[in-house]
*Asks:* 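I have a structure I would like to understand better, so I am pasting it below and will then ask my questions one at a time.
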Amino acid sequence: IDEKRIAKAESREAYSAALKDLNAVEKSVHGELQAILTQLHDMEVARVDLTRKSMVTTTHACTCASL
């Protein structure tokens, strides 16, 4: 019976340690993923802004040329 109790306690400790390690890895990965997604969002916003500016410039140039 004592061996079973010891084995059960060791199993709980091993599970807790594994869970702690998993949580640390998930936190690290999620942090890195959030940084990447933020960077991609910023790049997309910049792309849209540049596209709008180029369309306004092109439209303005076409309007001036037709006058």
Side-chain angles (χ1 to χ4, degrees):
I1 294 175
D2 287 337
E3 289 178 13
K4 286 184 179 182
R5 286 182 186 164
I6 292 170
K8 190 174 183 180
E10 289 174 350
S11 176
R12 284 183 182 165
E13 289 175 19
Y15 176 77
S16 293
L19 190 58
K20 184 178 177 181
D21 290 343
L22 176 63
N23 287 336
V25 169
E26 284 183 349
K27 185 176 180 179
S28 173
V29 169
H30 288 178
E32 291 174 17
L33 183 59
Q34 182 64 38
I36 291 168
L37 291 175
T38 299
Q39 184 179 9
L40 287 173
H41 176 266
D42 294 344
M43 291 169 62
E44 179 64 9
V45 168
R47 184 194 67 78
V48 169
D49 288 343
L50 288 172
T51 302
R52 281 186 187 153
K53 287 177 184 176
S54 69
M55 292 174 85
V56 169
T57 302
T58 303
T59 304
H60 182 68
C62 290
T63 304
C64 290
S66 64
L67 293 176

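We number each residue from 1, following the sequence as shown.
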*Asks:* CG/Asp49 to CD/Glu44 distance, rounded to the nearest 0.5 angstrom?
*Replies:* 10.0 Å

*Asks:* Would you mind writing out the side-chain donor-acceptor pairs for residues 8-25 within the sub-3.5 Å range, not counting sequence neighbours?
*Replies:*
{"residue": "Ser16", "atom": "OG", "partner": "Arg12", "partner atom": "O", "Å": "3.1"}
{"residue": "Asn23", "atom": "ND2", "partner": "Leu19", "partner atom": "O", "Å": "3.4"}

*Asks:* Is there side-chain contact between Gln39 and Met43, with heavy atoms separated by less than 4.5 Å?
*Replies:* yes

*Asks:* Going from OG on Ser28 to CD on Glu26, what distance comes out if it is rounded to the nearest 0.5 angstrom?
*Replies:* 11.0 Å

*Asks:* Could you state the interatomic distance from CG (Leu33) to OG1 (Thr38), rounded to the nearest 0.5 Å?
*Replies:* 9.0 Å

